[in-house]
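Each remark here refers to the structure printed beneath this line.
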Amino acid sequence: MRMTWQSSMNPLRAAGWLAVAGVLVFVDSAWAEEAASTLDTGDTAWILMSSAVVLLMTPALALFYAGMARSKNVLGTMMHSFFLMGLISVQWAVIGYTMAFGSDVGSFVGGFDYAFLAGVGGEPNPDLAETIPHSAFMAFQMMFAIITTALISGGFAERMRFSAFVIFSLLWATLVYAPVCHWVWGGGWIGSMGALDFAGGTVVHINSGVAALACAIVIGPRLGYPKEPMVPHNLTLTVIGAGLLWFGWFGFNAGSALASDGAAANAFVATHLAAATATLTWCLAEYVARGKASVLGAASGAVAGLVAITPGAGFVGPMSAIAIGAVVGPLCYYAVGLKQTLGYDDSLDAFGVHGVGGTWGALATGIFASAAVGGTDGLLYGNPGQMWPQVVSIVATASYSFAMTFAILKIVDALVGLRVADQDEITGLDLSQHGEVGYNL
Amino acid sequence: MRMTWQSSMNPLRAAGWLAVAGVLVFVDSAWAEEAASTLDTGDTAWILMSSAVVLLMTPALALFYAGMARSKNVLGTMMHSFFLMGLISVQWAVIGYTMAFGSDVGSFVGGFDYAFLAGVGGEPNPDLAETIPHSAFMAFQMMFAIITTALISGGFAERMRFSAFVIFSLLWATLVYAPVCHWVWGGGWIGSMGALDFAGGTVVHINSGVAALACAIVIGPRLGYPKEPMVPHNLTLTVIGAGLLWFGWFGFNAGSALASDGAAANAFVATHLAAATATLTWCLAEYVARGKASVLGAASGAVAGLVAITPGAGFVGPMSAIAIGAVVGPLCYYAVGLKQTLGYDDSLDAFGVHGVGGTWGALATGIFASAAVGGTDGLLYGNPGQMWPQVVSIVATASYSFAMTFAILKIVDALVGLRVADQDEITGLDLSQHGEVGYNL
Amino acid sequence: MRMTWQSSMNPLRAAGWLAVAGVLVFVDSAWAEEAASTLDTGDTAWILMSSAVVLLMTPALALFYAGMARSKNVLGTMMHSFFLMGLISVQWAVIGYTMAFGSDVGSFVGGFDYAFLAGVGGEPNPDLAETIPHSAFMAFQMMFAIITTALISGGFAERMRFSAFVIFSLLWATLVYAPVCHWVWGGGWIGSMGALDFAGGTVVHINSGVAALACAIVIGPRLGYPKEPMVPHNLTLTVIGAGLLWFGWFGFNAGSALASDGAAANAFVATHLAAATATLTWCLAEYVARGKASVLGAASGAVAGLVAITPGAGFVGPMSAIAIGAVVGPLCYYAVGLKQTLGYDDSLDAFGVHGVGGTWGALATGIFASAAVGGTDGLLYGNPGQMWPQVVSIVATASYSFAMTFAILKIVDALVGLRVADQDEITGLDLSQHGEVGYNL
Amino acid sequence: MKKVDAIIKPFKLDEVKESLSAIGIQGITVTEVKGFGRQKGHTELYRGAEYVVDFLPKVKLEIIVKDDLVASVVAAIEKSAKTGRIGDGKIFVQTIDEVVRIRTSERGDQAI
Amino acid sequence: MKKVDAIIKPFKLDEVKESLSAIGIQGITVTEVKGFGRQKGHTELYRGAEYVVDFLPKVKLEIIVKDDLVASVVAAIEKSAKTGRIGDGKIFVQTIDEVVRIRTSERGDQAI
Amino acid sequence: MKKVDAIIKPFKLDEVKESLSAIGIQGITVTEVKGFGRQKGHTELYRGAEYVVDFLPKVKLEIIVKDDLVASVVAAIEKSAKTGRIGDGKIFVQTIDEVVRIRTSERGDQAI
Ligand SMILES: Nc1ncnc2c1ncn2[C@@H]1O[C@H](COP(=O)(O)OP(=O)(O)O)[C@@H](O)[C@H]1O
Ligand SMILES: Nc1ncnc2c1ncn2[C@@H]1O[C@H](COP(=O)(O)OP(=O)(O)O)[C@@H](O)[C@H]1O
Ligand SMILES: Nc1ncnc2c1ncn2[C@@H]1O[C@H](COP(=O)(O)OP(=O)(O)O)[C@@H](O)[C@H]1O
């Protein structure tokens, strides 16, 4: 090995950035108008900390996924999550947030009122959350946009060109995530029709899971799949990731109460019990099918349970949460096997877990919702009508996500090519895309 | 390597789960009665976040322990913690919580009022915690039940049959943890006699540490122990684990104030200083004995300090915390050597650290408690009488835990056999019990 | 391999500790005086949790750094962070806190009022923070002292004698960190002259970065540097570390609001956006210079962004944060190359990232500060005068840190020798300094 | 008896193993090695510093065979390991004096 | 001079090393290898997908000895590595032309 | 043709590789091994328990060369790998019957 260094500092580039900065400062000035505050410090503490732990879910996902990839792709797989903490955050500040939560345009998308975060400051915005700073609400939602986009990478892991990944992610977050988020939470048509989605069964999981399926289909299977064995290279990373995901999900779901109250506590409990139960039932399914429960199964079950309870966390009681978790374990265990039957390569099971688990969760919310918990009754509490908006929201999200993802992929493929060269795939993404290797032990 | 997939989805099984779900929903309905709220959002935020970080301690323990195991048992060792996030959570919701905190029955155990979490909702239960949702209190306590049971695995690591582990853990959490928790915190006889245990010196550490000793004795040493070297396979995992444990312990101890106030802050400081000091003094003991301080020593010292301060965190001042930590470092350093003298194989030193450190902590609470901090004076502040309930609580917990653990192990051994076959032990738990391997680097 | 155990328990040593404890308890008694409380539970929850996540940054730094070291130094590098959680915490409780925040002595250092934490209890100290316990404020600040000292180790990694490291760290925290902290935040001359440093651009980053430069120069390059390749041994650790650092930085910066309010939320958003943008622009700089963006680059960019926004987090708006992050990515990318041009071995780029990034951040705070956000306008908002205190604070901190670090190093070298023997450096710190190895896979 | 050593590209291992199985070979010992040869290495970049790595991952197979099988073993490896691109690797043949099967203490051709 | 190669089960390494030390062997070079042989492999399961792994972990010892020690070295390994169960491994003996001790530049038997 | 095996200290690898390149060697295969020899091991300490580790990390080089190059290859390794301290390692020379380049099917000296 030899080492060299080429210095090519360009002062003009720095100057350019400063010029851009000048313009942006102008935007920041708009942002200072204040209203009478109804801010609650406890609620604010809870949402800020929830935002932080939801941010942590993205590196956690990097670990969870990277552990299942092969050694030569460990960094490339991590990059699919980590880089989006950069990309989607800026996208969200510039355009994503306002497209999701700006004033409603045709029930489909938000207007540009909050572009560049104009007007998103330290005072509460009572339309969105009464007792916490508007900027805290925006930050909390930002973390959702990041991880949703990152989840998709499970479908195209170990073979996508990095430049294609960057463009795809930017387009997807803008054209798919932001509108769907608006439909459900930003004042759009799905929320208006009464569909229940507490923390993102449709917006996050069905949306990303179905997108991952489209990716797996369009980009095609990994070289050698399914003949060559492609086994997880370091399950300790996957376990760390799963542990941190579980932790972060408390912020994700219980933080979605947007207050530090009984509703948050109930969502917290429901979240935990569904994850716990699905951990058990995925292991049980493995045991029944093969005679052995595995650690990867336990970690997968935990994530499946967390996915499934996401839409219902604030609407169902603890025993219902256990029921929801109990079903999703075996359901996803069998769903991840579908790819081998049907022939697509959803490499890290983003569709199998998030698409399928999210769909069950959205249905289950309609089944188990209880007015005593979250204000609305579901099927089991005598309100079968709740199933209709749930089904509509599932079908609409899945269709829109699939079609748009498909179209975006085709565009990106035409622009830069979706897939790395065969030789680069054999070498691995770490070296071919990023010029580095994961381990020199 | 060849890959196959056998699909064996069983629709009846799913239907069965739904039937069970129906019944459980009935229970959830009971859960909606509400009282006038005295909920404080700041306290609630603190306890919810504390619950989340205490949950994180269990994956942290998985890492801490797994790093010290051999490579072939890395996943099996992690499973001993991770799986319990599933098992004990459900057990707690169904029966554990009510046995610990239900209305007192004979000072020994709680009644069934909260079975299936009936009546455990978003409103405070003033008997348990006035300003936070009852469900938040329940969740916080749940995390303690999980990690206490997980701690025991240090005593039987690298050789227990997985099925035996599952049954053992379920019985132990029900027959040992729940009652002892009731004795101390749920209105039982130890709490009533005035023993001080702020966050679990007896309930958590003596209880699990002594159980681990019983396990080590009953199950016998690992094949080849102590002749063959059994060195930690990946201390980076242990350091990550120790870091996360330290982090989580703030929730554990300062969260035990059940409010976000000066008492919590003082417990936070005491916790941190004891951990810090024990980190130093364990290293110092190593340096004195062998001339070198080690990273494993620093991590072990930190955990020992955290264990020792657990019962006193809310009762002692910061300088007393330093004294408590200063003693426990060398104490546990020498205690972990006992197993070689006495011949049992407490593989990951669960007894050496938690049993011994917890005992010192319970005594030290009686010594250093100061009324100015937590309302009760100890020996050094002129109240030698406080030593009596401390000693009784130690002896009672240790005796009960040892005897019951012993009995449970004998039953489990008769049922399924405690120990894996020799050949499986040589192969490692990962492959023999779980059909997977940790690393393919 | 053979295993032995030498028992050498010394009861006198334990007795000695107890004697010391007795004295300390006396100090704890002083600590109970109480004032009328203005404590806010939400603010307290936020600061306690922020303290916990800032503590977590130190193990995170251990991972971040250790991943970049060579395999034979993985534990030694971790120890440079982990051990300081012990050492600096105790130092802070005994003497550091009072030197930083005790009553001002000549604008240079704090008096001994809070030595041994006398008077630092559960009630707020309105001079420091009105709505949170004094002990919470002290704990929050303690975490800063720890990580600042740990950051320096990037400059002397892989070659310092452990005993030298311990003495150096103790002296540095006492003679450099505590006074500089007092100058800026404790009532000293830099704060008084109106320099803005929200969360530690000077106190933490310039201070530690410049100290690291002095260390790199005084201790000299690693054997074989730069001829031999010294590549990161496990970038998965570095990514985990970066993820946890990002997470912890929310506590660091938004916690520095010392309340759970709009200011905290704005600092949170600024922090996140700067990190995000620098992640992108470091990758962009790599792409422009070499054609490939890397995961190490993304992680480094994130940290550089977090460093740069630290002093301004509470003073600048979100678009300014983006501008600050945009500049620091390429800036630090080129700065880390300087060492090869100039010939010093800042092994893990503590100066290149923290020194350079912190300096840019301190300047940028003077440029982008906006009265609408944090009460003070900067250059771009028509107040060029703000640049003066910023420049003075940079120059003063850097000069003091460099000179004092240099002097301390010379003293430590004379006392025990700074550097390990060549043979020990070839063997690695893990085995030579700590008697253990990182991996037995 | 002969020992055939083959240095091949790692991703060819399964294919080579199968082609050897196909001609009746029942024992192979495999080692992960690093190869330096005509095939040029790659460049790694860490924080702007560039490292040229000359050693590439390869896999070494050792196969003990009776003398009369050498030609077909070599042919099988040649065929299955070849990609035609530089770095495909080498085969070396050596003479072995004695073979022992530990389990049965068999010696010579029986022991293979 | 001869080179004795032994492929053994990993958990037997310490025992074999000790039995070799006992007969005066002062140098051994050890490599972690993967073995394919009559001993059947195991199955791994990841999210329901089943992988059959044919390569098992083994350890290879290389020992250079003077000609007159070959028999006792082989015997020592045979004895200490044997479990009697399939997969115990093999011993191969080869002729070595020259040995050099790098430190002293000694050659031949002296250099071993 | 001959095979030269050299067991050296790991930190000497780059130097040895360069000295071999300098005399025109174009192919080397490298394996990480553990060596047991006269050089004494080290002690590791875990929670007070002490383990004596006898196996030290070493690197093994295998180089196939034409007969007339053996002497210069051995000399080059000796020179560049020597520190003069115990544990510098050994060089072994063996005879090779045949060499094949997989890519081209060349045999013998051409294939090296
Ligand atoms: N003379 C040699 N001695 C030992 N190993 C060699 C020799 N030549 C080549 N090799 C091994 O074979 C591998 C492939 O050789 P290389 O020269 O790159 O390409 P090719 O096999 O196409 O000629 C090398 O990486 C090295 O491991
Ligand atoms: N012909 C061979 N060439 C090279 N290595 C072999 C050969 N046969 C067996 N081995 C090695 O010996 C190990 C044990 O062989 P195996 O056939 O499984 O059992 P046994 O040694 O009992 O006959 C294999 O895993 C392999 O590493
Ligand atoms: N007889 C031998 N057979 C195989 N390898 C040997 C033999 N003797 C030494 N070695 C290898 O050479 C290395 C160095 O040998 P050692 O005896 O420690 O020092 P020196 O090379 O200075 O004599 C050992 O670690 C081992 O790998």
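All values below come from the heavy atoms of this structure, side chains included, with hydrogens, waters and symmetry mates left out.
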Nearest-0.5 Å distance that lies between atom [atom1] in [X] and atom [atom2] in [Y]:
X       : Y       : atom1 : atom2 : answer
E:Asp14 : F:Asp54 : CG    : CG    : 8.0 Å
E:Ile64 : F:Ile7  : CD1   : CD1   : 7.5 Å
F:Ile91 : E:Ile96 : CD1   : CD1   : 12.5 Å

Can you give me the closest heavy-atom contact between [X] and [Y], atom names plus distance?
X        : Y        : result
E:Arg103 : F:Gly87  : NE-N, 4.2 Å
F:Asp88  : E:Ile102 : O-CD1, 3.6 Å
F:Arg38  : E:Ile112 : NH2-O, 2.9 Å

Which residue out of F:Arg85, F:Lys3, F:Gln94 racks up the most heavy-atom pairs below 4.5 Å with chain E?
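Answer, by heavy-atom pair count under 4.5 Å with chain E: F:Gln94.
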Closer than 4.0 angstrom, basic N to acidic O: yes or no for E:Glu98 and F:Lys2?
no
May I ask you to test the [X]-[Y] pair for a side-chain heavy-atom distance under 4.5 Å?
X       : Y        : value
E:Leu13 : F:Phe55  : yes
F:Val74 : E:Arg107 : yes
F:Lys58 : E:Thr29  : no

Determine the option with the most heavy-atom pairs under 4.5 angstrom with chain F, choosing from E:Thr95, E:Leu61, E:Val99.
E:Val99
Please assess E:Glu62 against F:Asp5 for the test side chain to side chain contact (heavy atoms under 4.5 Å, CB included), listing each intermediate value before the final yes or no.
CA-CA 11 Å; E:Glu62 296 174 83; F:Asp5 280 19; 4.2 Å; yes
Proximal component of [X], with respect to chain E [non-hydrogen, under 4.5 Å]:
X       : value
F:Leu56 : neither
F:Lys79 : neither
F:Glu32 : backbone

